[in-house]
Each structure stands twice: as C-alpha cells, then as structure tokens.
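Working notes for the structure below.
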Amino acid sequence: MRILLLGGTTEARALAERLSGHEVISSLAGRVREPVLPEGEVRVGGFGGAAGLAAWLRAERIDALVDATHPFASTITANAHAAAREVGVRHLVLRRPGFPLRPEYDVVPDAHAAASAIPAGARVFLTVGRQQVSAFVHADAWFLVRAIDAPTVLPPRHVMLLERGPFQMDDEVELMQRHRINLLVTKNSGGDATSPKLNAARALGVDVVMIDRPPLPEGVEAVDGVEAVLARLGQSG
Ligand code: NAP
C-alpha cells in the first residue's frame, strides 16, 4: 500500500518504522525547528487545507491516510477526514489515550479557560506547547514555561525552559520544588513521555488545570495505538 502518515508525534515515528513493508510518506507541519525525523520518506509543510490535501492524495495515488497527529492538532485532523472522504481513500486516526483523569483536576475546555482558572499570585508550571502560551499573557501569576521551541509571546513574569521529553518523575519533582510551583497547567495530550509531571504534581500536592482534548470529527475510525493501526490496515489488505 501507498500510505500518507500524518505525523509529528512519537506514535507516528513508531508507526513509520513498523510500516516499512509499505510505501510510507510521513508528513510534518514544519513547526519544530529541529524535528525528530521518522524513518523513510518525509515531506514537510502544509497541503493548503482540505482541498489541497485531497489534490495531493490524488496526485500521489495514496491508498491509505493514517492520521497520527497530536490529539490537539484538530485542524489537520478535520482536513484529513474531509479530504479522505472526498477522494475515497482508507482513513484511520491513531489517537493515543489521554492522561488518566483524577477527580481533583480542574478540567477546562481550552487555553483561555485555563488562564481564567489560575488564581492570582500562583506559581505556574505551564506545559501547553509553544502555540498556546499567548493565552496566558494577562494572567496575574508567575510562570515556568516549558516548550520545545520558544514561544513568540510570553507572560511578563516567567522563566523559559526549552526542552523536549521524555521526562523523568524525579527530575519533574526537583524542577517543581526548585521553582516553588503550586499549579500545573497542561493539555490532556496523553503519552508516557510527558506524564511524569502529573505524578510529580500529585506527590507534591500541586494543583492541576487540565485542558481537555478537542473532539474528533464525527464518524472517523479511531484506534489508540500502533498495533491497532497495523491490525486495521492488515484487514483492509
Ligand atoms: P493544526 O493546528 O491541526 O494544523 C494547522 C495546519 O498545519 C494544517 O491546516 C496544515 O496546513 C498544517 N499541518 C498540521 N499538521 C500537519 C502535518 N502533519 N503535515 C502537514 N501539514 C500539517 O496542527 P498543529 O496543532 O499546529 O500541529 C502541527 C504539527 O505538530 C502536527 O504534525 C502535530 O502532530 C504536531 N504536534 C502538535 C502538538 C499540539 O499541541 N498541537 C504537539 C506536538 C506535536 P494546511 O492546511 O496548509 O494543510
């Protein structure tokens, strides 16, 4: 099969490796300055919306489109759904499970709601990705901001940490203690690479504001891991 694999995640890289018996083209948006590249052929950059992606699928004679993008990358996921329908190619979404939710978490629908949920004077560990930091510029709080690349807009009182996971629980505990963090604000991205911050928050009694995932487009076929993608693609021959 000729497969377009929409990536930018750990799972997409694992999948690219496991699909080596097929002709796989991995696609990255080009957001990260020095991305970790998957095995095999890679293209970088947007397609030009759903219509652009549909045209690309036709031109490249793609048989199956696997969307293994980040759970918060909702625009490309909607576009992939629409384009696959239009062209009539097999379409599958790999969506990793979310973080286990605890009753004490303050679950909010988006970054602006998360910013509103921050009490005045809080010392916040902010791990929402570079693109969402701008929602927090007016919050009356101090921020430890962690992202892979530096955000263009930052809250006035902050320390910036440019780091890429996986992270370890001991290091997360030490980091939060050193900066006297009393609130963790994060997206419900899921994944082992970034979950230790939640265990550290629990161990230290640090409150958690969790931004909920955007919903998947209605009617998409979604599975939660690499093995399940392989099984479904195997079934479709
Ligand atoms: P998004 O808001 O859903 O997409 C915005 C636009 O970026 C899309 O319309 C598309 O442009 C382009 N795009 C996104 N993913 C692409 C891909 N894999 N290949 C080609 N073009 C892509 O996406 P995002 O949240 O900015 O995420 C961008 C990339 O970073 C994704 O690959 C995602 O897996 C990865 N990522 C995102 C997050 C996050 O928190 N959002 C975290 C980690 C990794 P056109 O309309 O021109 O096609």
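In listed order, ligands and their atoms are each counted from 1. All heavy atoms count here, side chains included; hydrogens, waters and symmetry mates do not.
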Per-atom contacts, ligand 1 versus [X] - under 4.0 Å to a heavy atom:
{"X": "Gly7", "result": "18 (N), 31 (C), 32 (O), 33 (C), 34 (O)"}
{"X": "Thr69", "result": "18 (N), 34 (O)"}
{"X": "Gly49", "result": "45 (P), 46 (O), 47 (O), 48 (O)"}
{"X": "Gly46", "result": "11 (O), 21 (N), 45 (P), 47 (O), 48 (O)"}
{"X": "Gln131", "result": "24 (P), 25 (O), 26 (O)"}

Just need the protein heavy atom nearest to [atom], so name the residue and atom and give the distance.
{"atom": "atom 23 (O) of ligand 1", "answer": "Ala73 CB, 3.5 Å"}
{"atom": "atom 22 (C) of ligand 1", "answer": "Ala29 CB, 3.5 Å"}
{"atom": "atom 48 (O) of ligand 1", "answer": "Phe47 N, 2.6 Å"}
{"atom": "atom 47 (O) of ligand 1", "answer": "Gly48 N, 2.9 Å"}
{"atom": "atom 44 (C) of ligand 1", "answer": "Gly8 O, 3.3 Å"}
{"atom": "atom 1 (P) of ligand 1", "answer": "Thr75 CB, 3.8 Å"}
{"atom": "atom 18 (N) of ligand 1", "answer": "Ser27 O, 3.0 Å"}

Original post:
atom 9 (O) of ligand 1: which of Asn79, Ile211, Val128, Val32 has the nearest heavy atom?
Top reply: Asn79
**OP:** Kindly identify the option in His70, Lys187, Arg130 whose heavy atom sits closest to atom 38 (C) of ligand 1.
**Re:** His70
Taking the side chain as C-beta and beyond, is there a heavy-atom pair between [X] and [Y] under 4.5 Å?
{"X": "Val87", "Y": "Ile62", "value": "no"}
{"X": "Leu144", "Y": "Leu175", "value": "yes"}
{"X": "Arg102", "Y": "Val208", "value": "no"}
{"X": "Arg58", "Y": "Glu86", "value": "yes"}
{"X": "Thr194", "Y": "Phe99", "value": "yes"}

If I apply the N/O under 3.5 Å rule, does [X] come out as touching ligand 1?
{"X": "Ile76", "value": "yes"}
{"X": "Ala68", "value": "no"}
{"X": "Arg31", "value": "yes"}

Original post:
Of all residues at least two apart in sequence or in a different chain, which pass the salt bridge (charged side-chain N to carboxylate O under 4.0 Å, His left out) check with Arg123?
Top reply: none
Original post:
Does Glu41 have any salt bridge (charged side-chain N to carboxylate O under 4.0 Å, His left out) partners at least two apart in sequence or in another chain, and if so, which?
Top reply: none
**OP:** Would you please test Glu227 and Arg18 for side chain to side chain contact (heavy atoms under 4.5 Å, CB included) and show each step?
**Re:** CA-CA 9 Å; Glu227 296 302 329; Arg18 296 289 303 280; 2.5 Å; yes
Original post:
Would you find a donor on one side and an acceptor on the other, under 3.5 Å apart, between the side chain of Arg96 and the backbone of Ser189?
Top reply: yes
Subject >> Residue-ligand contact Gly45/ligand 1, heavy atom below 4.0 Å >> reply: yes
Original post:
Any idea which part of Leu28 is under 4.0 Å from ligand 1, heavy-atom wise: side chain, backbone, both or neither?
Top reply: backbone
Original post:
Using heavy atoms and a threshold below 4.0 Å, how should the contact between Ser74 and ligand 1 be classified: side chain, backbone, both, or neither?
Top reply: backbone
**OP:** From the options Leu5, Asp224, Val66, Val93, select the one residue that forms a side chain to side chain contact (heavy atoms under 4.5 Å, CB included) with Val229.
**Re:** Val66
**OP:** Identify whether Met160 and Ile181 are in the same connected component of the hydrophobic contact network (ILVMFWY, side-chain heavy atoms under 4.5 Å).
**Re:** no
Original post:
Only one of Lys187, Arg146, Lys197 clears side chain to side chain donor-acceptor pair (under 3.5 Å) with Thr127; which?
Top reply: Lys197
